[in-house]
Amino acid sequence: MRVAVINYTDCRPDKCRIECVNFCPVNRSGTKAIELAEVMKGKPVIYEETCIGCGICVKKCPFEAIAIVNLPDALEGEAIHRYGINGFKVFGLPIPKRGLVNAILGKNGTGKTTILKILSGELLPNFGDPELKSNPELVLEKFRGKEIQSYFKLLYDKKLRVVHKLQYVEMVGRFLKGKVSELLRKVDERGKLDEIRTLLRMDSMWNKESSSLSGGELQKLLIAASLLRDADVYVFDEPSSYIDVNERLNLARVFREVLNDKYVFIVDHDLIVLDYIADLVNIMYGEPSVYGRVSKAYSVRAGINHMLRGFLPSENVKMRDYEIKFYMKDLTEVEGTAGSSIKVSWSGIEKALPGFSLSAPGGNVKEGEVVGIVGPNGIGKTTFVKIIVGEEKADSGFVEPEVSRLSYKPQVISPFTERTVREVLEESSKDSLSSSSWFYVEVVRRFGLHKILDSSVSSLSGGELQKLLIARTLAIDADVYVFDEPSSYIDVEERYVMARAIKRVTRERKAATLVVEHDIAIHDYIADRIMVFSGEPGTRGIAESPVPLRQGLNGFLKEFGITFRRDAETGRPRANKPMSYLDRLQKERGEYYAMELAND
Ligand code: ADP
Ligand code: ADP
Ligand code: MG
Ligand code: MG
């Protein structure tokens, strides 16, 4: 079976010589595999039944608008939905289980949000036929005899009430009016307003106007609104976006407490959060924007481990050609420890902003060392790194030496130029695109930037822009690297590519690197030392001196009463379930962040 996908936004038959149609060997032999069609307003349509998948049109298209993949024929029976002719196609569905939390984990663009819309009843599946006029009866007929039919029967008969926290919170935010407290009072069907306010720590935002909320606050508002509704099905699409590490750990705990006995679906890229909240996980894999497939359900531990390994045993599928060994420092070729000489240091820094003050008493970063920065939003992390790179001036204190060769990825990213991805990368380093360099192989290609080299930066999606900026920052030869929240908008595989490259560049160039990050799994992988920011968000921040990873995270986790062990198979950190044997044991010992492998 073949899936042929055309990106009709990029396809411009008025600007090319219709190479796709003219060079097609099937067309030349007299049969039709691709032609310009009325239904697509004069743009080409590929007929998957006659197409032989030779890939000539894919190569000839000057806009790189065509993708064709060959899949096992048996998959056709699993087709669930297709967006239009030659559009993205998704296969398989998770089987909802009441009382268990189902997670969906996978690459961006493989259909996670699409699946959630189907499970919420917002999108009627067309089973891969975009011309099918789908309706609930037809869907139930299609699922007859399958376990999933009973779920859809209840859903379509309105016997299940659904709440859906959407992925793009900014879009929802624009339509909200009124104070947080008033908005939430209106949706409090479970009579849990005060409880949720306390659990989600919403005091400081309780009386704010919804239009003035930060991204993280808006996310919390929408999560709170979902939790207050009395529903049977709770759907959360990327709840940890925009929220800080403190809130993520808190959220994970709250979800466990509040959502038992319901159907719960959650998509997220923070493995630690997902691991803690979910019971089961379905892995989504495929080719972004072309097709995606939902795996069988695995226990959350096994599922995450299979995903990292890149092999799904139940379906006998190899998802990618390399293993993600995220943990326990697999960096054999770049390992080696940080040097002992100080590359950059600071002392006695004070900075006052209207309504906010920051103190950074002192600290340093050594040659070849990565220092991870953690702390809540609004505590001064961005202000601090801007002082280090010289974008902000401190009122007192100093940074030494004054850093001249530096490379900085700011937190807030915007399409900064009309130039192309290629131009930006070549400007940052002449051989960043030479196909034999490790940078090209392990960063450019694995980020998929090689497919968009000729796109203008102004046309990129949030994830693409983030990847380009990370790549550019890494390509520049510098003494000091600063990454402010690099994992926003990117998925687990991409975070891994990023983390690995940051560590390698830091070690090889004997640079000093600071990484502000809310995903603890990333710190665990790259940070030699951790810098914790404490104080009162929005009012006063204190940048404590960097301490060894274990000590830093130990103190940090103690505050939340969450303990972490290490997975025996992969070495990745996993939060212990509350009151489990290890949880109690580690608390007794004061060991919130274990470095040794546990025997699960
Ligand atoms: P994920 O949530 O895994 O990132 P989505 O389900 O949002 O993926 O989208 C998967 C793919 O489906 C996208 O890459 C896009 O190409 C396509 N797609 C999503 N929504 C639509 C739509 N409304 N119309 C056409 N194509 C869509
Ligand atoms: P973080 O990166 O930890 O989220 P920031 O350094 O961005 O924190 O901000 C810390 C505090 O300083 C926030 O309360 C923010 O509103 C305030 N702040 C940041 N930049 C400015 C500025 N240019 N003017 C006034 N206040 C600012
Ligand atoms: Mg999505
Ligand atoms: Mg910040």
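None of the values given here were measured: they were computed from a predicted structure. Each ligand, and each atom within it, is numbered from 1 in the order the structure gives. Side chains included, hydrogens not; waters and symmetry mates left out as well; all remaining heavy atoms used.
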### Message
For a side chain to side chain donor-acceptor pair (under 3.5 Å) check, start with the C-alpha distance between Glu493 and Tyr285, then their side-chain angles and the critical distance, and finish with the verdict.
### Response
CA-CA 11 Å; Glu493 285 184 25; Tyr285 59 96; over 6 Å; no
### Query
Stepwise, does the side-chain contact (heavy atoms from CB on, under 4.5 Å) test hold for Lys409 with Ile470?
CA-CA 7 Å; Lys409 190 212 75 75; Ile470 293 169; 3.9 Å; yes
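Within ligand 2, the atoms closer than 4.0 Å to a non-hydrogen atom of Lys381 are 1 (P), 2 (O), 3 (O), 4 (O), 6 (O), 8 (O), numbered from 1 in the order shown. Taking every non-hydrogen atom of Ile379 and a distance limit under 4.0 Å, the qualifying atoms of ligand 2 come out as 1 (P), 3 (O), 8 (O). Set against the non-hydrogen atoms of Pro376, the atoms of ligand 2 under 4.0 Å away are 3 (O). Against a heavy-atom cut-off of under 4.0 Å, Gly538 is close to the following atoms of ligand 2: 14 (O).
An N or O contact shorter than 3.5 Å links Gly109 to ligand 1 by distance. Looking at ligand 1, you won't find any N or O of Phe88 less than 3.5 Å from one of its N or O atoms. In terms of polar-atom proximity, defined here as any N/O pair under 3.5 Å, Gly380 does make such a contact with ligand 2.
Because the distance cut-off is set at 2.8 Å, Asn377 fails to qualify as a neighbour of the Mg ion (ligand 4), as none of its N, O or S atoms comes that close. Look at Thr383 and the Mg ion (ligand 4): no N/O/S atom of the residue is under 2.8 Å from the metal.
Nearest to atom 27 (C) of ligand 1 among the protein's heavy atoms is Tyr83 CD1, 3.3 Å. The closest protein non-hydrogen atom to atom 7 (O) of ligand 1 is Thr113 CB, 3.5 Å.
Within the 4.0 Å heavy-atom cutoff, Gly375 does not count among the residues contacting ligand 2. The closest approach between any non-hydrogen atom of Gly355 and ligand 2 is not below 4.0 Å.
Counting heavy atoms only, Ser289 comes closest to atom 13 (C) of ligand 1 of the residues Ser461, Gly292, Gly106, Ser289. Distances from atom 3 (O) of ligand 1 to the heavy atoms of Lys112, Lys89, His81 show the closest one on Lys112. The nearest non-hydrogen atom to atom 21 (C) of ligand 2, considering only Asn377, Val516, Leu353, comes from Leu353. When Ala352, Gly378, Pro537, Ala543 are checked for heavy-atom proximity to atom 1 (P) of ligand 2, Gly378 turns out nearest.
When distances from atom 15 (C) of ligand 1 to the protein are checked, no heavy atom turns up under 4.0 Å.
Remark: Glu76 engages Lys89 in a salt bridge, criterion side-chain N to carboxylate O under 4.0 Å.
Here the shortest heavy-atom pairing between His518 and Val245 reads ND1-N, 3.1 Å. Closest approach of Ala65 to Asp10, counting heavy atoms only: CB-CB, 4.0 Å.
Test Asp519, Asp270, Asp268 against Ser240 for side chain to side chain donor-acceptor pair (under 3.5 Å) and you get one pass: Asp268.
Under 4.0 Å from ligand 1, the heavy atoms of Lys107 that appear belong solely to its backbone.
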